[in-house]
Asker: 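Supplied in structure tokens, the structure appears directly below.
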Amino acid sequence: MSNEQDKQEFVDAYTRVLVNAWSSDEFSALLQSDPRAALCDAGLAVPEGVEVKVIREAGGSEADLAPQERLSKQYERWAAAEETGEVIV
């Protein structure tokens, strides 16, 4: 599988996470209480040993970036999760 294909699959699944978090109280609660299960339900399998941090507020250094740039940065963090030991959603 190519890097571009991996990235597109991530973007599709991550978009499902965002849409479900905004539109479903049940999914939003699952994301908060068991983010690993919520991400898995959306098609994102979190590697064993990787901590998932959920941040509910937009802001910080990426707030002013275009949506595609923010998605690219999120994908970079996701791809590096096994090395860094964490992923932030």
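Only this structure's heavy atoms are used, side chains among them; waters, hydrogens and symmetry mates stay out.
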Asker: Could you tabulate the donor-acceptor pairs under 3.5 Å formed by side-chain atoms of residues 79-89, not counting sequence neighbours?
Answerer:
unit_1 : atom_1 : unit_2 : atom_2 : d
T84    : OG1    : A80    : O      : 3.3
T84    : OG1    : E86    : N      : 3.4
T84    : OG1    : E86    : O      : 3.0
E86    : OE1    : K53    : NZ     : 2.8

Asker: For D6, is there any backbone N or O sitting under 3.5 Å from a side-chain donor or acceptor partner on E9?
Answerer: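 Flag not set: sc E9 to bb D6 has no pair under 3.5 Å.
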Asker: How far does CG of N20 sit from CG of D41, to the nearest 0.5 angstrom?
Answerer: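 N20 CG to D41 CG: 9.0 Å, rounded to 0.5 Å.
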Asker: If Ile, Leu, Val, Met, Phe, Trp and Tyr residues are connected whenever their side-chain heavy atoms lie under 4.5 Å apart, and connections chain through other members, are L30 and L44 in the same group?
Answerer: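 No.
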Asker: Which pairs count as salt bridge (Lys or Arg N to Asp or Glu O under 4.0 Å) when at least one residue sits in residues 71-81, sequence neighbours excluded?
Answerer: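 Applying salt bridge (Lys or Arg N to Asp or Glu O under 4.0 Å) to every pair that reaches into residues 71-81, excluding sequence neighbours, yields E62-R77.
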Asker: Got a second to check how far Q68's CD is from Y75's OH, nearest 0.5 Å?
Answerer: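 Rounded to the nearest 0.5 Å, the CD-OH separation comes to 14.0 Å.
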Asker: Show every side-chain hydrogen bond (donor to acceptor under 3.5 Å, both in side chains) that has at least one partner inside residues 24-37, sequence neighbours left out.
Answerer: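 Pairs touching residues 24-37 that pass the test: S28-R56.
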Asker: Please enumerate all residues that pass salt bridge (charged side-chain N to carboxylate O under 4.0 Å, His left out) together with R70, with sequence neighbours excluded.
Answerer: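 Counting only residues at least two positions away or on another chain, R70 forms no salt bridge (charged side-chain N to carboxylate O under 4.0 Å, His left out).
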Asker: So, using side-chain contact (heavy atoms from CB on, under 4.5 Å) as the criterion, who are the partners of D12 when residues are at least two apart?
Answerer: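 If we apply the side-chain contact (heavy atoms from CB on, under 4.5 Å) test to D12, skipping adjacent residues, the hits are Q8, R16.
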Asker: Could you note down all residue pairs passing ring pair (Phe, Tyr, Trp, His ring centres under 6.0 Å) where residues 14-50 supplies at least one of them, sequence neighbours left out?
Answerer: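 Output for this query lists F10-Y14.
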Asker: Are V46 and L18 connected into the same hydrophobic cluster when the rule is that any two of I, L, V, M, F, W, Y join if their side-chain heavy atoms are below 4.5 Å apart?
Answerer: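 Yes, one cluster joins them.
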